[in-house]
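Everything on this sheet refers to the single structure shown next.
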Amino acid sequence: MSAMAKISKEKKRIAGYTLSFILLAVVAVWVSSRWKVWFDNPSEDEYVTSAVPSRILLTFGDSDGMTSRNISWICDSVVTSAFVELVDLCNSDSVTYPADGEVFESRGGKSAFYVCRLRHLAAGHSYKYRVNSNNTYSQWYQFETQNEDDKNVSFLYVGDVQDTISGIANSLLVNAFNHHKDAKFLVCGGDLTERPIDSYWKETAATLDSLGQAMPVLTVTGNHDYLKDVICKLERRFSLVHSYFLDSMQGENQVFTMKYGDTQFFLLDSNREVFYLAAQRQWLDEQLNASNAKWKIVIVHHPLYSIKGKSNNLIQKWMFDDLIHKYDVDLVLQGHEHAYARMTNHNSDSNEGHADATTPVYTVSHCSPKNYRIEFDDTFDKFGSGSRYYQKVCTHGDSLIITAYDAHTNEVYDSLLIVNYQGIKSIADYGKTIAEKVFFEPDEGSMKDKEFAERINEYKKNHPERFR
């Protein structure tokens with residue numbers, strides 16, 4: 001080999017090393033910038049659990065949402081004999097139900113968790129109950145079951161809550177239920193708790209105070225419910241609180257299905273790695289295939305159609321969306337991306353030559369103090385930004401009505417009617433006549449905020465009909 005050839009070969013080798021070093025440096029900088037997002041878990045301060053029963057929560061029990069309930073609570077740090085005293089107010093019968101106890105130890109302390117399972121409750125009855133552990137009673141609470149011949153459903157839905165310590169979520173939710181006294185329970189799209197540490201679990205209990213003891217609370221897992229790691233970890237206390245998962249988990253998958261009247265709910269855990277999602281896909285396929293419910297509602301944390309960018313949540317979309325279409329799911333309730341959005345499917349085979357709106361309907365919502373920058377994709381029918389939201393979902397015979405409200409004012413923000421007449425579905429979009437509200441206060445030092453403010457202005461310019 002000539003001297004020139006050797007020099008040329010050496011230059012190529014050095015160039016290859018240099019390029020590899022630059023690529024490694026870029027990857028290292030990128031990983032460093034994302035390290036906290038991927039792996040940083042906030043520390044948990046030491047805590048001591050009260051010797052008096054607290055954080056009492058009423059949830060659904062099994063797949064019969066009409067007549068099954070679970071009651072969970074914590075008390076002290078050792079398991080003692082525990083029970084629920086239940087009184088049927090329609091006939092004054094009093095029954096004592098035993099509770100299962102389990103000690104969970106976290107990074108900051110340990111608590112004794114209790115779960116009591118109530119089954120075969122009488123339809124259309126009012127009950128009062130109190131819990132007992134450590135030889136100490138709680139105060140009395142009261143709940144009702146729905147009449148057996150009433151197949152309709154009425155509930156409120158919120159996306160992420162994850163309130164700050166001493167936040168205002170409780171006042172917003174109490175106010176919402178005061179405006180909708182026919183709503184029978186609360187559904188959450190995950191991230192009900194800001195982080196899996198005791199101080200935030202305490203805040204979640206405060207958020208649900210006076211509500212979560214009187215009506216069932218149903219939630220899916222959100223990414224903030226998990227401890228971050230290479231393989232994310234969900235602490236067992238999540239299931240001990242939201243106790244319907246204890247009997248419904250498929251392996252390590254937090255999944256649950258429940259029939260309530262003519263409606264069936266399907267809860268998924270979209271936070272998991274792909275091999276877990278594949279197992280959930282099989283479960284969802286089996287459950288939807290076996291369902292004879294008139295109305296089908298899927299609840300999942302990550303939006304299958306992201307409003308933060310088309311490349312987001314693609315794995316979740318690939319895993320679940322074709323099943324949602326195959327089995328004619330009516331409504332997909334989602335959270336995670338802190339804004340409001342609603343998208344309807346469209347039938348391109350319309351006789352009038354244009355695409356008619358049809359099911360499934362996808363909604364994204366949140367009731368958190370944090371607001372995210374979003375993209376404004378024209379495939380969505382409606383957006384909202386800068387506030388908190390909740391939705392009321394009602395079925396009545398052949399109709400399902402979804403109405404979104406601004407949580408601060410209780411003003412109607414969006415409304416949609418789905419009609420299912422003899423298996424033929426149609427949609428009436430009443431939200432088109434309601435002006436959109438997209439607010440954002442950019443941080444002057446943030447280039448991303450400035451770019452988002454520009455996107456908002458461009459969006460308003462291109463869609464004046466949405467703002468009126």
Side-chain angles (χ1 to χ4, degrees), residues 57-70 121 123-124 142-148 150-161 169-170 172-190 192 207-208 210-220 242 244 256-268 291 293-301 329-335 340 342 360-367 388-397 399-405 407 410 412-418 420:
L57 184 68
L58 179 71
T59 68
F60 290 105
D62 57 25
S63 58
D64 180 4
M66 300 285 278
T67 60
S68 73
R69 298 289 183 270
N70 283 4
L121 298 169
Q142 190 169 326
F143 70 89
E144 298 176 350
T145 57
Q146 188 157 310
N147 289 325
E148 188 175 14
D150 185 357
K151 302 301 182 182
N152 299 320
V153 64
S154 176
F155 66 91
L156 298 189
Y157 171 78
V158 292
D160 302 22
V161 176
N170 176 260
L172 295 178
L173 290 177
V174 169
N175 198 19
F177 275 98
N178 283 337
H179 276 76
H180 306 285
K181 295 186 183 296
D182 60 324
K184 302 300 184 183
F185 53 93
L186 175 68
V187 177
C188 180
L192 181 56
T207 294
L208 299 175
S210 79
L211 297 174
Q213 301 82 38
M215 62 182 66
V217 175
L218 191 67
T219 187
V220 295
H242 305 292
Y244 44 88
F256 179 66
T257 186
M258 177 192 77
K259 189 87 177 291
Y260 193 101
D262 281 340
T263 304
Q264 188 165 354
F265 297 83
F266 304 86
L267 279 63
L268 298 168
S291 176
K294 182 168 187 174
W295 304 104
K296 300 182 184 71
I297 299 176
V298 168
I299 308 165
V300 61
H301 183 59
V329 169
D330 299 283
L331 180 60
V332 184
L333 298 171
Q334 307 157 120
Y340 177 79
R342 186 253 294 168
V361 176
Y362 303 81
T363 70
V364 181
S365 187
H366 84 109
C367 197
R388 305 192 200 195
Y389 310 89
Y390 69 88
Q391 288 146 288
K392 183 180 182 182
V393 180
C394 299
T395 66
H396 185 78
S399 300
L400 186 152
I401 304 169
I402 314 151
T403 308
Y405 296 84
N410 289 295
V412 175
Y413 188 71
D414 192 16
S415 185
L416 193 77
L417 168 67
I418 303 174
N420 181 355

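Computed over heavy atoms, backbone and side chain alike; hydrogens, waters and symmetry mates excluded. Along the sequence shown, the residues carry numbers beginning at 1.
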- Task: List in chain and number order the residues that pass side-chain hydrogen bond (donor to acceptor under 3.5 Å, both in side chains) with Lys294, two or more places apart in sequence or in another chain; answer none if no residue qualifies.
- Result: Asp398

- Pairing residues for Thr257 by the side-chain hydrogen bond (donor to acceptor under 3.5 Å, both in side chains) criterion, not counting sequence neighbours: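 Listed in chain order: Gln264.
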
Check whether the ring centres of [X] and [Y] lie less than 6.0 Å apart, and answer yes or no.
X      : Y      : value
Phe155 : Tyr260 : no
Tyr413 : Tyr340 : yes
Phe60  : Phe265 : no

Supply the atom-to-atom distance [X] [atom1] to [Y] [atom2], rounded to the nearest 0.5 angstrom.
X      : Y      : atom1 : atom2 : result
Glu148 : Met66  : CD    : CE    : 7.5 Å
Lys259 : Ser68  : NZ    : OG    : 13.5 Å
Asp182 : Ser154 : CG    : OG    : 4.0 Å
Leu121 : Thr145 : CG    : OG1   : 6.5 Å
Asp160 : Cys367 : CG    : SG    : 10.0 Å
Lys184 : Asp150 : NZ    : CG    : 7.5 Å

- If you look at every heavy atom in Lys296 and Val329, which pair is closest and at what distance? O-CG1, 3.5 Å

- Item | Nearest heavy-atom neighbours spanning Ser210 and Ala214 |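 Answer, listing the atom of Ser210 first, then Ala214: O-CB, 4.0 Å.
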
- Task: Evaluate the criterion side chain to side chain contact (heavy atoms under 4.5 Å, CB included) for residue pair Val158 and Ser365; output intermediate values, then yes/no.
- Result: CA-CA 6 Å; Val158 292; Ser365 187; over 6 Å; no

Given [X], which of [options] fulfils the side chain to side chain contact (heavy atoms under 4.5 Å, CB included) condition?
X      : options                        : answer
Phe143 : Gln213, Arg69, Met215          : Arg69
Val393 : Leu400, Asp330, Leu156, Thr263 : Leu400
Leu208 : Val161, Leu58, Leu192, Val174  : Leu192

- Query: With distance as the sole criterion, is a donor-acceptor pair present between the side chains of Thr207 and Asn170 under 3.5 Å?
  - Reply: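 Result is no, nothing qualifies.
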
- Between Gln334 and Thr363, is any side-chain donor less than 3.5 angstrom from a side-chain acceptor?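 Side chains of Gln334 and Thr363: no pair found under 3.5 Å.
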
With a 4.5 Å heavy-atom cut-off, do [X] and [Y] have their side chains touching?
X      : Y      : value
Tyr405 : Val412 : yes
Leu211 : Val217 : no
Leu333 : Ile297 : yes
Leu186 : Leu173 : yes
Tyr390 : Leu172 : no
Val153 : Phe185 : yes
Leu267 : Met258 : no
Thr219 : Ile299 : no

- For atom CD of Gln142, decide whether the heavy atoms of other residues, nucleotides or ligands shown that lie under 6.0 angstrom number more than 12.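 Result for CD/Gln142: enclosed.
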
- Item | Asn152 side chain vs Gly397 backbone, donor-acceptor pair below 3.5 Å |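 Checking the backbone N and O of Gly397 against the side chain of Asn152, a donor-acceptor pair under 3.5 Å is found.
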
- Task: Without swapping roles, check the side chain of His301 against the backbone of Gly189 for a donor-acceptor pair under 3.5 Å.
- Result: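 Confirmed, His301 side chain pairs with Gly189 backbone.
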
- Task: Might you work through the side chain to side chain contact (heavy atoms under 4.5 Å, CB included) test for Thr395 and Asp262, ending with a clear yes or no?
- Result: CA-CA 8 Å; Thr395 66; Asp262 281 340; 5.7 Å; no

- Does Asp414 pair with Arg342 as a salt bridge, N-O distance under 4.0 Å?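 Salt bridge between Asp414 and Arg342, a charged N being under 4.0 Å from a carboxylate O: yes.
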
- Could you walk me through whether Leu218 and Phe256 pass the side chain to side chain contact (heavy atoms under 4.5 Å, CB included) test, one step at a time? CA-CA 10 Å; Leu218 191 67; Phe256 179 66; 3.9 Å; yes

- With side chain to side chain donor-acceptor pair (under 3.5 Å) as the test, would you mind laying out the steps for Asn70 and Thr59 before giving the verdict? CA-CA 5 Å; Asn70 283 4; Thr59 68; 4.5 Å; no

